[in-house]
Amino acid sequence: MAYILLPLGYAFGALEPHLDALTMEIHHDKHHAAYVNNLNKTLGTQPALAAQPVEELIANLDAVPEAIRAAVRNNGGGHANHSLFWRTLTPGGAKVPTGGLAADIQSTFGDFDALKTAVEQAGAARFGSGWAWLMVGRDGKLAVTSTANQDSPLMDGGTPLFGVDVWEHAYYLKYQNRRPDYLKAIWQVLNWDVIGQNYAAVK
Ligand code: MN
């Protein structure tokens with residue numbers, strides 16, 4: 001049993017001009033591939049652990065032997081985080097939240113613009129590398145948060161609905177040091193149909 005890098009599911013250039021084709025290709029075929037390969041290498045002698053979906057694996061890091069826990073955290077997190085990222089960035093789909101998710105965003109954050117501001121601030125304030133998230137917390141409520149490195153809300157009992165990768169590899173070719181511009185552009189390529197399905201699955 002080994003973890004698999006799924007194809008992106010759309011062309012590398014499908015999110016142009018907001019996310020450029022070369023960044024998408026390197027990000028998927030090199031960065032994400034490396035997390036998958038390193039995770040499989042790390043779990044080579046742990047078939048029972050490797051049989052779990054990666055989301056379950058990283059939600060239960062206490063079950064991982066201490067000698068390989070950090071490697072599973074980093075590479076398992078990297079695999080799970082990027083798999084979610086590609087799915088929620090699909091071209092097409094709703095450009096704004098709808099249905100129950102839209103209502104809960106309104107009651108939690110005020111309105112969609114306030115959510116966008118909160119995510120952009122979380123991503124901009126993350127020192128070094130990490131992610132900004134819209135998630136459902138252990139309390140069942142929507143929240144915006146940020147994690148370092150390849151950590152996931154799953155590691156703290158939450159469920160991510162979407163995350164924005166703020167590692168420099170996610171934006172540097174096009175945006176260089178302008179991480180806030182990249183964070184603003186993300187809204188043009190998020191698929192709120194997929195994010196709404198993620199929310200429905202948690203509920
Ligand atoms: Mn990345």
Side-chain angles (χ1 to χ4, degrees), residues 2-43 53-55 57-59 61 69-91 116 119-135 144-156 158-191 194-195 198:
Y3 294 100
I4 292 167
L5 177 68
L6 290 177
L8 200 52
Y10 44 91
F12 294 122
L15 306 177
E16 292 267 11
H18 310 290
L19 297 183
D20 63 286
L22 183 58
T23 295
M24 291 295 289
E25 181 173 357
I26 296 171
H27 201 171
H28 180 274
D29 287 6
K30 304 296 183 191
H31 291 278
H32 187 177
Y35 295 124
V36 174
N37 292 337
N38 289 328
L39 180 62
N40 286 331
K41 264 187 234 165
T42 300
L43 289 177
V54 69
E55 292 81 7
L57 175 71
I58 65 168
L61 285 170
R69 194 175 298 152
V72 169
R73 180 182 194 130
N74 291 334
N75 294 294
H79 180 33
N81 292 345
H82 288 87
S83 297
L84 177 65
F85 193 49
W86 310 134
R87 281 204 307 115
T88 55
L89 289 180
T90 40
K116 293 191 335 192
V119 171
E120 289 173 23
Q121 286 178 345
R126 167 54 52 194
F127 185 78
S129 298
W131 293 74
W133 304 98
L134 173 64
M135 57 171 274
V144 167
T145 188
S146 167
T147 58
N149 304 316
Q150 293 298 351
D151 285 359
S152 161
L154 290 165
M155 296 170 186
D156 196 31
T159 306
L161 302 182
F162 76 84
V164 187
D165 187 343
V166 297
W167 286 58
E168 285 186 345
H169 67 228
Y171 61 87
Y172 211 85
L173 288 179
K174 181 177 177 72
Y175 295 95
Q176 293 86 48
N177 60 314
R178 303 185 307 279
R179 186 191 289 183
D181 291 354
Y182 157 74
L183 283 159
K184 280 199 186 312
I186 277 290
W187 307 108
Q188 304 299 317
V189 291
L190 279 177
N191 186 331
V194 175
I195 298 165
N198 293 344

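Values below: all heavy atoms of this structure, side chains included; hydrogens, waters and symmetry mates excluded. First listed ligand is number 1; within each ligand, the first listed atom is number 1.
Nearest heavy atom pair, residue Tyr3 against residue Val36, reads O-CG1, 3.4 Å. Annotation for Gly76 and Val54: closest pair O-CG2, 3.5 Å, computed over non-hydrogen atoms.
With values rounded to the nearest 0.5 angstrom, Leu134 atom CG is found 11.0 Å from Thr159 atom OG1. Here the OG1 atom belonging to Thr145 is positioned 14.0 Å from the CH2 atom belonging to Trp131, to the nearest 0.5 angstrom.
Protein N/O/S atoms closer to the Mn ion (ligand 1) than 2.8 Å number 4 in this structure.
For Asp20, the side-chain hydrogen bond (donor to acceptor under 3.5 Å, both in side chains) test picks out Thr23, with sequence neighbours left out.
Aromatic ring centres of Trp86 and His27: separated by under 6.0 Å.
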